[in-house]
Number of protein chains: 2
Amino acid sequence: MASIKDVAAEAGVSVATVSRVLNDHPSVSADARTRVLAAVEALGYRPNAVARSLRTDQTHTLGLVISDVMNPYFTELARSVEEEARALGYSVIIGNADERPDLQDHHVRNLLDRRIDGLLVSPTDGGSPLMLDAARSGTPMVFVDRWIPGVEVPVVRADGRAAVRDLVAHLHGLGHRRLAIIAGPAATTTGRERVEAFREALGAYGLDLPEAYIGQGDFQAESGRRVTEGFLDLPEPPEVVFAADNLMALGALDAVRARGLHVPEDLALAAFDDIPWFVHTDPPITAVAQPTGELGRAAVRALVDRIEGRPARSVTLAARLVVRRSCGENPAENRSRL
Amino acid sequence: MASIKDVAAEAGVSVATVSRVLNDHPSVSADARTRVLAAVEALGYRPNAVARSLRTDQTHTLGLVISDVMNPYFTELARSVEEEARALGYSVIIGNADERPDLQDHHVRNLLDRRIDGLLVSPTDGGSPLMLDAARSGTPMVFVDRWIPGVEVPVVRADGRAAVRDLVAHLHGLGHRRLAIIAGPAATTTGRERVEAFREALGAYGLDLPEAYIGQGDFQAESGRRVTEGFLDLPEPPEVVFAADNLMALGALDAVRARGLHVPEDLALAAFDDIPWFVHTDPPITAVAQPTGELGRAAVRALVDRIEGRPARSVTLAARLVVRRSCGENPAENRSRL
DNA sequence: CCTCCTCGTGGAATCGATTACATCGACTTC
DNA sequence: GAAGTCGATGTAATCGATTCCACGAGGAGG
């Protein structure tokens, strides 16, 4: 592969001049510029990004470590992150932690070794020593979706509180009184917050959330299935199950169906995170929708602000309720909604 | 951030010795080794992967350019690619082409500039000059899922021919005679092949595939919807629609439902590519399942073989039919299948 | 005892870029 | 006409690693 020296030789100038042309530095004669450009063209020269990064100490690369690529929510997040990053002149390297702290650490270390300019993380757990180090050591960092309390890092996330209140109002309006939740891991902020928001919203209607109605999931479909089976085995099963993410909702749907029961007649179902597939399930699933694309874009903007020396602010966007048919039909409510 | 010089100073040895310890070169005294290791620990030193890559001309990184990350098939492929690569000591940088040739080129160029060790591509189109160049220029390369005919690059893919025959047998057994297909872009191999396999299988039953029953899609949901509407508007609409990928099947489902019609009573539906969500749609969708994970792993193994100087072979794995309820029920067939 | 290996080690070149500094000619300005 | 300025260019240092080569010490073999 041709290097800058080959180009310099071909154009009959020094490597410094070639570099100047390539980085369009002002003081290069028109003549030299055209000769260099011609040589570049002739040799099919492309600058070596590795060498450039070593010298400039910038990789123009962002690292994104997410908890689970197979989860459509994170897929969409990753996509919007890459789009915005590209628009700002950065590439993105994605690391999939698969909800495993050890894998998360592996990716963080790998990205740090590659000297990425900044790190976007949706932490799987409460914060490994490595992550805390990274945050302190000065690598620009932004948390997205989930975060680690007590760490001085901007957070970009959605607040589901209001939407969960709307959801509970919807459920209450449909006559449901025994509401259960499939929670996410307590080690994650989203895992804890969603339970809290749910409990708080129930409180507003004089309902409480008994221990038996809090199932411990791990954001994967299988746990949704397991927890739902537990609920159905209760002497007094809940009337509604609220899954704290989309995959666990899927598992819940499975569990209900496996018993020959139906949603919403036998058990109503709602989920946190809206995804395109929820329109097509049987029945379509009512969900709390996060502004996923906007989250990804805002996170990248915040991170690039930090990288380029501007102050980065935390951002919180509102989630909203999308009513479909999985909790039952109410003639008074808007039912044209898909 | 500490460099190898700092470690050398701290340990009282030369940088050469530090490097030897780090790459466990045999001729280093036990004493020097422990002193270096202690210094590494004390300084929290991590080798700079950028510098290392510049010197060794290896990045231990694979590039993966896929057509559409939001498509669950490719998400799963990407996941298995990353897993296998990690097991073999490589990282993966994913580029999402979004079915756009210009974006595909952008990513290929970017990855080449970063001097990745090898490239895994599922080409969006028939082959841009850039891609052909890359293939010729010696960068190890492997095509996965889709490929470009006439280019000397190993291909790892699934052969759906037998499964499509099984599908047509299934449909024929259910009494369907008017079968239509929503094809993928003619620029892609999978787009063309699936139509061919379908036509061939129909031929075996004395059925043919009229032009009117071949709808041109682009592997995105919206095109599935549009084509299906076209089919439904035909004077003699088909009894079955076979979508050449999962997203177009989703669009087809939408279109049917939007007219107040039902699958499979009014129109049967089958898809190429099986995904977890097909179990949960209404009705569950019959699909040709590719061994996606195995494809990803085989592709990585082939690519790493090429990178490390071993010969790489093309691999073709068989797809299989998964019967669900979207084509109608047949008492004679296995219906316990989800 | 001398020679020849082997082992452990350090010095320095190298990878491919960027960039500070020096140089040189031409032009302005008094 | 001398001094200073400015634009275009080249030389060489530099980034952080790896690795070739040289060198000295110590042991084996004759």
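Residue numbering restarts at 1 for every chain, and letters A, B, ... go by the order of the sequence lines.
Residue pairs meeting the side-chain hydrogen bond (donor to acceptor under 3.5 Å, both in side chains) criterion with at least one member in residues 37-48 of chain A, sequence neighbours excluded: A/R46-B/D113. Applying the ring pair (Phe, Tyr, Trp, His ring centres under 6.0 Å) test to residues at least two apart or on different chains, the pairs with a partner in residues 53-73 of chain A are A/H60-A/Y90. For residues 111-141 of chain B, no pair satisfies ring pair (Phe, Tyr, Trp, His ring centres under 6.0 Å), with sequence neighbours left out.
Within residues 5-14 of chain A, the residues that place at least one heavy atom under 4.0 Å from DNA chain D are, in residue-number order, A/V13, A/S14. Within residues 27-39 of chain B, no residue has any heavy atom closer than 4.0 Å to DNA chain D.
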- Message: Before you tell me yes or no, could you show the steps for A/M141 and A/M131 under side chain to side chain contact (heavy atoms under 4.5 Å, CB included), namely the whole-Å CA-CA distance, both residues' side-chain angles and the distance that decides it to 0.1 Å?
- Response: CA-CA 10 Å; A/M141 204 162 149; A/M131 188 97 71; 3.6 Å; yes
- Taking it one step at a time, do B/V304 and B/E84 satisfy side chain to side chain contact (heavy atoms under 4.5 Å, CB included)? CA-CA 10 Å; B/V304 171; B/E84 184 72 9; over 6 Å; no
- Message: Using side chain to side chain contact (heavy atoms under 4.5 Å, CB included), reason through B/D68 and B/L247 one step at a time and then give a plain yes or no.
- Response: CA-CA 11 Å; B/D68 179 10; B/L247 294 179; 3.6 Å; yes
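A/M1 has its CE atom 10 Å from the P atom of C/dA17, to the nearest Å. Summarising the geometry, the separation between CG on B/D57 and C1' on C/dA17 is reported as 14 Å, rounded to the nearest angstrom.
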- Nucleic acid footprint by protein, nucleotides 18-28 of chain C - heavy-atom cut-off 4.0 Å, B for base, S for sugar-phosphate alone: BBB--------
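Using a cutoff of 4.0 Å between basic side-chain nitrogens and carboxylate oxygens, A/R86 and A/E83 are not scored as salt-bridged. Under the 4.0 Å criterion applied to side-chain N and carboxylate O atoms, B/E152 and B/R306 are not assigned as salt-bridge partners.
When side chains are defined from C-beta on, B/D24 counts as touching B/R33, because their heavy atoms get closer than 4.5 Å. The closest side-chain heavy-atom distance from A/F219 to A/T190 is below 4.5 Å.
Atom OG1 of A/T124 and atom CG of A/L103 lie 8.5 Å apart (nearest 0.5 Å).
Listed by chain and residue number, A/V69, A/D98, B/R79 satisfy the side chain to side chain contact (heavy atoms under 4.5 Å, CB included) test with A/N96 (two or more places apart in sequence, or in another chain). For A/R20, the side chain to side chain contact (heavy atoms under 4.5 Å, CB included) criterion is met by A/A16, A/T17, A/H25, A/V28, not counting sequence neighbours. Every side chain to side chain contact (heavy atoms under 4.5 Å, CB included) that A/D305 has, sequence neighbours left out, goes to A/R310, A/A312. Looking at residues two or more places apart in sequence or on another chain, you find no salt bridge (charged side-chain N to carboxylate O under 4.0 Å, His left out) involving B/R52.
A nucleotide of DNA chain D counts as in contact with chain A when one of its atoms lies under 4.0 Å from a heavy atom; the first and last such, 5' to 3', are D/dA8 to D/dG16.
At its two ends the helix from C/dC1-D/dG30 to C/dC30-D/dG1 runs along axes set 50° apart, each axis drawn from five pairs and the angle rounded to 10°.
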